[in-house]
Amino acid sequence: HVAVTVAGQQGIARRLRGRAGDDVYIIEVETAPHGEVGNPTRSSSVDGLAATTEQLSRLLNHASRTCGTVTIHGPPGSGKGYLAVRWLRARDGRQPTVVAAPEGREPHVRARIHRLLTEGASVVVRNVDDLNDDDRGWLTTVLESAASPRAGMLVLTVSIGRGPAAIRALVSSRGRDLAIPALAHTPERVLSITQEIAQARNLSVPPVVLQTLLRWPWPSDVCELASTLHAAADASRDGALTLLALPPDMRAQARQLYGIAASEYRTIDVALRAAGGNRSLAAESLGIGRTTLYRKMRQYGLDGTGTLSA
């Protein structure tokens, strides 16, 4: 499970495996403590069950305590730049300067990066994998600028498996590394990014919309998720994201989710009957909190003897 915030309320999201082998996410709106993240080693990787944006930011905080350069590795489009900017903005209280790596070939751009770092400002250099062997000289100079004890934080982003081996070796030899997986492999990041954008737009996310977002494969990763959410927010009314605001192919997939509600209803109904109507025992047997059980009973119009409401 992972801590989330939905419509301003703290809670946790649990991932359950359905009979057909698909993943179902149950959102429990109850206060739950965040899990602790240990100190990273020289190179840190994050698996799909621990990859919330908050936890990734925590790893970056640990890494930055001992080094002025951090390199974020991940598949193309996995949100490396998004993560870097979000983390530095929260860390420094201001927006970092973002530079595309090939721009560093220009002397005035390199001079600007050097000046910002020496003044203690943070800089993100994106797409370092777009460089070639001829760029090693000036890139080394930039890395040395970040090595000063008073320098600002330098964050590099590199797509896994791309770029010259010499460039990858150079950046890996300086500072700390953080490897992140593709968005489709880390639905917990979908949750955290969705809640961040929804809160910024002052919108709630109904369960069926959230389930649709979680089950989508996101072939274009974070850029696609962010653009989808902002477009849906622009089209939504009454303070809530709606299915009608999602792209047609997502709406088609959402229609397959209605069977989940019926399955959840049957599971809760059986647990209540087995517990003789005792809601505390039923909640314990289901592995959920009583508040969650009460809410779902109200949602389905269920009292232990009734039927699923239309």
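This is a predicted model, so every value here is computed, not measured. Numbering starts at 1 and runs along the sequence shown. When reading the values below, keep in mind they use all heavy atoms of this one structure, side chains included, and skip hydrogens, waters and symmetry mates.
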Chemist: If you take all heavy atoms of Pro181 and Ser78, which pair is closest and at what distance?
Modeler: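 Heavy atoms only, the tightest pair is O-CB, 3.7 Å.
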Chemist: Check whether any side-chain heavy atom of Asp249 lies under 4.5 Å from a side-chain heavy atom of Trp216, and answer yes or no.
Modeler: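 Contact flag for Asp249/Trp216 side chains = yes.
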Chemist: Nearest 0.5 Å please: distance from the CZ atom of Arg162 over to the NE2 atom of His73.
Modeler: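 Reported value, rounded in 0.5 Å steps: 14.0 Å.
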Chemist: Mind listing the closest non-hydrogen atom pair of Arg174 and Thr69 along with its distance?
Modeler: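 Nearest heavy atoms, Arg174 then Thr69: O-CG2, 4.3 Å.
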Chemist: Please step through side-chain contact (heavy atoms from CB on, under 4.5 Å) for the pair Thr292 and Leu286, ending with a clear verdict.
Modeler: CA-CA 10 Å; Thr292 300; Leu286 291 168; over 6 Å; no
Chemist: Would you say Arg110 has more than 12 foreign heavy atoms packed within less than 6.0 Å of its CZ?
Modeler: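 Check passes, neighbour count above 12.
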Chemist: For a quick test of reading the model, state the closest non-hydrogen atom pair linking Thr212 to Leu243 and the distance between them.
Modeler: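 Closest heavy-atom pair between Thr212 and Leu243: OG1-CD2, 3.9 Å.
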Chemist: Please find the pair of heavy atoms, one from Leu88 and one from Ser122, that lie closest to each other, and give the distance.
Modeler: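 Heavy atoms of Leu88 and Ser122 come nearest at CD2-OG, 3.7 Å.
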Chemist: Taking the side chain as every heavy atom from C-beta outward, state whether Gln195 and Val205 have any atom pair closer than 4.5 Å.
Modeler: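 In short, these two side chains do not touch, never coming nearer than 4.5 Å.
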Chemist: Output the distance between atom CZ (Arg279) and atom CD1 (Ile268), rounded to the nearest 0.5 Å.
Modeler: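 Going from the CZ atom of Arg279 to the CD1 atom of Ile268 covers 11.5 Å.
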Chemist: Begin with the C-alpha distance, continue with both residues' side-chain angles, and end with the deciding distance and a verdict on side-chain contact (heavy atoms from CB on, under 4.5 Å) for Leu143 and Leu156.
Modeler: CA-CA 10 Å; Leu143 291 168; Leu156 311 175; 3.9 Å; yes
Chemist: Mark yes when over 12 heavy atoms from residues, nucleotides or ligands other than Arg136 sit less than 6.0 Å from its CZ; otherwise mark no.
Modeler: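 No.
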Chemist: Using every non-hydrogen atom in the two residues, find where Thr157 and Gly81 come nearest and quote the distance to one decimal.
Modeler: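 Nearest pair, atom of Thr157 first, then Gly81: CG2-N, 4.0 Å.
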Chemist: Minimum heavy-atom separation for Leu246 to Ala232, with atom names?
Modeler: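 For Leu246 and Ala232, the tightest heavy-atom pair comes out as CD2-CB, 4.2 Å.
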Chemist: Ser236 versus Arg201: any side-chain heavy-atom pair under 4.5 Å?
Modeler: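 No, every pair of side-chain atoms sits at 4.5 Å or beyond.
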Chemist: Is the shortest side-chain heavy-atom distance between Arg189 and Leu225 below 4.5 Å?
Modeler: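 Sidechains of Leu225 and Arg189: no contact.
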Chemist: Kindly compute the distance separating CE (Met153) from CG (Asp92), expressed to the nearest 0.5 Å.
Modeler: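 Taking CE in Met153 and CG in Asp92, the distance rounds to 8.5 Å.
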Chemist: Any side-chain to backbone donor/acceptor pair from Trp218 onto Leu213? Under 3.5 Å, distance only.
Modeler: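 Checked: pair present.
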Chemist: Taking atom CD of Glu224 as the centre, report whether more than 12 heavy atoms of other residues, nucleotides or ligands fall under 6.0 Å from it.
Modeler: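 Counting other residues, nucleotides and ligands, CD of Glu224 exceeds 12 neighbours.
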Chemist: Indicate yes or no for a side-chain donor-acceptor contact from Ser280 to the backbone of Arg290 under 3.5 Å, with no hydrogens or angles considered.
Modeler: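 Side chain of Ser280 to backbone of Arg290: no pair is present.
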Chemist: Tell me, do Leu229 and Leu241 make a side-chain contact under 4.5 Å, heavy atoms counted?
Modeler: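 When only atoms from C-beta onward are counted, Leu241 and Leu229 do touch, with a gap below 4.5 Å.
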Chemist: First locate atom CG of Leu170, then atom OG1 of Thr140, and finally report the distance between them rounded to the nearest 0.5 Å.
Modeler: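 That separation rounds to 4.5 Å.
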Chemist: Judged by atom type as modelled, is there a donor-acceptor pair below 3.5 Å linking the side chain of Arg168 to the main-chain atoms of Gly163?
Modeler: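 Yes, Arg168 side chain to Gly163 backbone: donor-acceptor pair under 3.5 Å.
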Chemist: Let me check something: any side-chain donor-acceptor pairs from residues 124-134 under 3.5 Å, sequence neighbours excluded? List them with distances.
Modeler:
from   : atom 1 : to     : atom 2 : distance (Å)
Asp129 : OD1    : Ser159 : N      : 2.9
Asn132 : OD1    : Asp134 : N      : 3.0

Chemist: Going only through I, L, V, M, F, W and Y residues with side-chain contacts under 4.5 Å, is there a path from Leu154 to Trp138?
Modeler: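 Leu154 and Trp138: one cluster.
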Chemist: For the hydrophobic clusters of this structure (ILVMFWY residues joined by side-chain heavy atoms under 4.5 Å, transitively), does one cluster hold both Val222 and Ile160?
Modeler: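 Cluster IDs for Val222 and Ile160 differ.
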Chemist: Sequence neighbours excluded, which residues qualify as side chain to side chain contact (heavy atoms under 4.5 Å, CB included) partners of Ser145?
Modeler: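 His114, Leu117.
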Chemist: Are Thr97 and Arg112 side-chain neighbours, meaning at least one heavy-atom pair lies under 4.5 Å?
Modeler: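 The answer is yes, as the side chains (C-beta and beyond) meet within the 4.5 Å cut-off.
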Chemist: In Å, rounded to the nearest 0.5 Å, how long is the span from CD1 of Ile72 to CG of Leu83?
Modeler: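 So the CD1 of Ile72 and the CG of Leu83 are separated by 4.5 Å.
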Chemist: Around Asn202, counting heavy atoms of other residues, nucleotides and ligands shown, do more than 12 lie under 6.0 Å from its CG?
Modeler: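 No, CG of Asn202 has 12 or fewer neighbouring heavy atoms, counting only those of other groups under 6.0 Å.
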Chemist: Mark yes or no for whether Lys80, through its side chain, and Pro75, through its backbone, hold a donor-acceptor pair below 3.5 Å.
Modeler: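 Checked: pair present.
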